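Below: the structure, in structure tokens.
All figures in this text were calculated on a predicted structure; none of them were measured in a lab.
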Amino acid sequence: MKKTYDTTQFRKDLETLNLQLSENQIDQFLSYYELLVEWNEFMNLTAITEYSEVMKKHFIDSLSLIKVCKPTGNVIDVGTGAGFPGLPLKIAFPDLNVTLLDSLNKRVNFLNEVIEKLGLKNIEAVHGRAEDYARQPLHREKYDICVSRAVANMSTLCEYCLPFVKKSGLFISYKSEKITEEMEKANKAITILGGSVKKQEEFYLPDTDIFRNLVVIKKIENTSKKYPRKAGLPAKEPLY
């Protein structure tokens, strides 16, 4: 017998984002949660496994992108890990074409399982490093939106992510702290890579004191073919 979950809080949190999901979409989130917990028992996907916390700190957090833009077109999630934010965005906005990129094959296997079990179309999980994939013609400057919740400084993240974004597209970085100093350091990298900071949206997750920060960077020029540099360099030697 399938376990039943109280979705009251989740629905309330969705309302704060002005999102309305069908019962099927809610069920997809619950199935995603169950798969996450099941796989997490034998591989490290997340430190957060309690139902209410996953719903808020992973799912609602991922969907908070709606505060800065309504996602459309082709979206790539760089360093997706257990699928955040790309998979929740795909569930909530089924018309998106989504690529989930991660450097660990075990996580890609998990993502493929979720995609198959949830019956999602026009979404793929790929195994590789951002520095390599961003040089491939199939992926370079082909995306309307690049998202990332990966933990790295903004200069490094921009070098990973901006090469994927087409001109006039967006790179949106999910941060969990105020990053004034980090942004000042990143300005040079953003300019070199063809970007311009459009806005920062600071907020708290609904009914919590958990701070979040969405940094929106618009692609205004094509990225020089020099970038990204070879694997490892963007993290070791950020473009300050």
Side-chain angles (χ1 to χ4, degrees), residues 44-47 61-62 65 68 74-86 99-108 111 125-202 211-240:
N44 182 26
L45 288 168
T46 174
D61 183 41
S62 294
L65 178 90
V68 292
N74 296 325
V75 176
I76 185 166
D77 178 4
V78 172
T80 186
F84 310 122
T99 300
L100 305 171
L101 177 64
D102 199 82
S103 60
L104 197 65
N105 204 36
K106 284 194 297 186
R107 286 197 287 256
V108 171
L111 298 170
V126 290
H127 171 231
R129 294 184 69 126
E131 299 100 317
D132 301 325
Y133 262 81
R135 290 194 162 278
Q136 295 182 11
L138 193 65
H139 295 282
R140 188 173 185 87
E141 299 189 326
K142 291 291 190 282
Y143 294 90
D144 301 288
I145 300 173
C146 175
V147 291
S148 185
R149 267 203 345 169
V151 180
N153 71 65
M154 277 302 293
S155 298
T156 301
L157 270 180
C158 286
E159 190 168 350
Y160 289 154
C161 295
L162 277 169
F164 287 106
V165 181
K166 61 172 70 162
K167 207 164 158 184
S168 81
L170 301 174
F171 162 44
I172 302 170
S173 172
Y174 289 64
K175 290 285 185 178
S176 57
E177 66 282 315
K178 290 185 186 291
I179 54 164
T180 312
E181 191 182 329
E182 193 178 316
M183 285 306 295
E184 282 170 9
K185 279 187 166 181
N187 280 331
K188 181 182 172 187
I190 292 166
T191 304
I192 288 172
L193 296 158
S196 172
V197 179
K198 191 176 169 195
K199 69 186 294 190
Q200 278 193 68
E201 183 79 20
E202 298 181 346
F211 180 80
R212 288 292 186 257
N213 192 348
L214 292 170
V215 182
V216 184
I217 296 170
K218 186 166 185 174
K219 183 78 169 274
I220 54 172
E221 300 290 345
N222 294 107
T223 303
S224 162
K225 288 188 167 57
K226 286 194 291 191
Y227 304 104
R229 290 166 294 164
K230 66 180 184 187
L233 266 184
K236 273 195 204 118
E237 299 171 19
L239 296 169
Y240 292 151

(request) Scan for salt bridge (charged side-chain N to carboxylate O under 4.0 Å, His left out) pairs involving residues 231-240, sequence neighbours excluded, and state none if there are none. (result) none
(request) Check whether any side-chain heavy atom of Met154 sits under 4.5 Å from a side-chain heavy atom of Ile217, and report yes or no. (result) yes
Please output the side-chain donor-acceptor pairs of residues 156-174 that fall under 3.5 Å, not counting sequence neighbours, one pair per line with the distance.
{"residue": "Thr156", "atom": "OG1", "partner": "Asn153", "partner atom": "OD1", "Å": "3.3"}
{"residue": "Thr156", "atom": "OG1", "partner": "Asn153", "partner atom": "ND2", "Å": "3.2"}
{"residue": "Thr156", "atom": "OG1", "partner": "Pro234", "partner atom": "O", "Å": "2.8"}
{"residue": "Glu159", "atom": "OE1", "partner": "Arg229", "partner atom": "NE", "Å": "3.4"}
{"residue": "Glu159", "atom": "OE1", "partner": "Arg229", "partner atom": "NH2", "Å": "2.8"}
{"residue": "Glu159", "atom": "OE2", "partner": "Arg229", "partner atom": "N", "Å": "2.8"}
{"residue": "Glu159", "atom": "OE2", "partner": "Arg229", "partner atom": "NE", "Å": "2.9"}
{"residue": "Lys166", "atom": "NZ", "partner": "Asp144", "partner atom": "OD1", "Å": "3.3"}
{"residue": "Tyr174", "atom": "OH", "partner": "Ser62", "partner atom": "O", "Å": "2.6"}

(request) Could you list the residues that satisfy ring pair (Phe, Tyr, Trp, His ring centres under 6.0 Å) with Tyr227, not counting sequence neighbours? (result) none
(message) Contact between Val126 and Leu100 at the side-chain level, heavy atoms closer than 4.5 Å - yes or no?
(response) no
Hey, can you pull the donor-acceptor pairs under 3.5 Å for the side chains in residues 184-195, sequence neighbours left out?
{"residue": "Lys188", "atom": "NZ", "partner": "Tyr240", "partner atom": "O", "Å": "2.9"}
{"residue": "Thr191", "atom": "OG1", "partner": "Asn187", "partner atom": "O", "Å": "3.0"}

(request) Evaluate the side-chain proximity of Asp61 to Arg149: yes if any heavy-atom separation is below 4.5 Å, no if none is. (result) yes
(message) Distance check, rounded to the nearest 0.5 Å: Ser103 atom OG versus Leu101 atom CG?
(response) 8.0 Å
(request) Apply ring pair (Phe, Tyr, Trp, His ring centres under 6.0 Å) to Phe211 and list each qualifying residue two or more places apart in sequence or on a separate chain. (result) Tyr204
(message) Quick check: do Leu45 and Arg107 have side-chain heavy atoms less than 4.5 Å from each other?
(response) yes
(request) Just do the side-chain contact (heavy atoms from CB on, under 4.5 Å) check on Met183 and Val197 with the steps written out, would you? (result) CA-CA 9 Å; Met183 285 306 295; Val197 179; 3.7 Å; yes
(message) Quick check: do Leu214 and Glu202 have side-chain heavy atoms less than 4.5 Å from each other?
(response) no
(request) Mind running side-chain contact (heavy atoms from CB on, under 4.5 Å) on Asn74 and Lys142 for me, showing each step along the way? (result) CA-CA 8 Å; Asn74 296 325; Lys142 291 291 190 282; 5.8 Å; no
(message) So, taking the atom named CD1 in Ile220 and the one named NZ in Lys218, what distance separates them when rounded to the nearest 0.5 Å?
(response) 9.0 Å
(message) Just to verify, what does Glu221 make a salt bridge (charged side-chain N to carboxylate O under 4.0 Å, His left out) with, not counting sequence neighbours?
(response) none
(message) Taking Asp132 first and then Lys230, would you say they form a salt bridge - that is, a charged N and a carboxylate O separated by under 4.0 Å?
(response) no
(request) State plainly whether the residues Lys175 and Glu182 are in salt-bridge range, i.e. N to O under 4.0 Å. (result) yes
(message) Between Thr223 and Glu141, does the side-chain contact (heavy atoms from CB on, under 4.5 Å) criterion hold? Intermediate values first, please.
(response) CA-CA 8 Å; Thr223 303; Glu141 299 189 326; 3.6 Å; yes
(request) Measure across Pro228 and Arg140 and return the closest heavy-atom pair with its distance rounded to 0.1 Å. (result) CD-NH1, 3.7 Å
(request) Could you tell me whether the side chains of Gln200 and Asn213 share a donor-acceptor contact shorter than 3.5 Å? (result) yes
(request) Nearest 0.5 Å please: distance from the CG atom of Asn105 over to the CG atom of Leu111. (result) 10.5 Å
(message) Can you confirm whether Glu181 is buried at CD, in the sense that more than 12 heavy atoms of other residues, nucleotides or ligands lie under 6.0 Å from that atom?
(response) no
(request) Report yes if the side chains of Thr99 and Asp77 come closer than 4.5 Å at any heavy-atom pair, otherwise no. (result) no
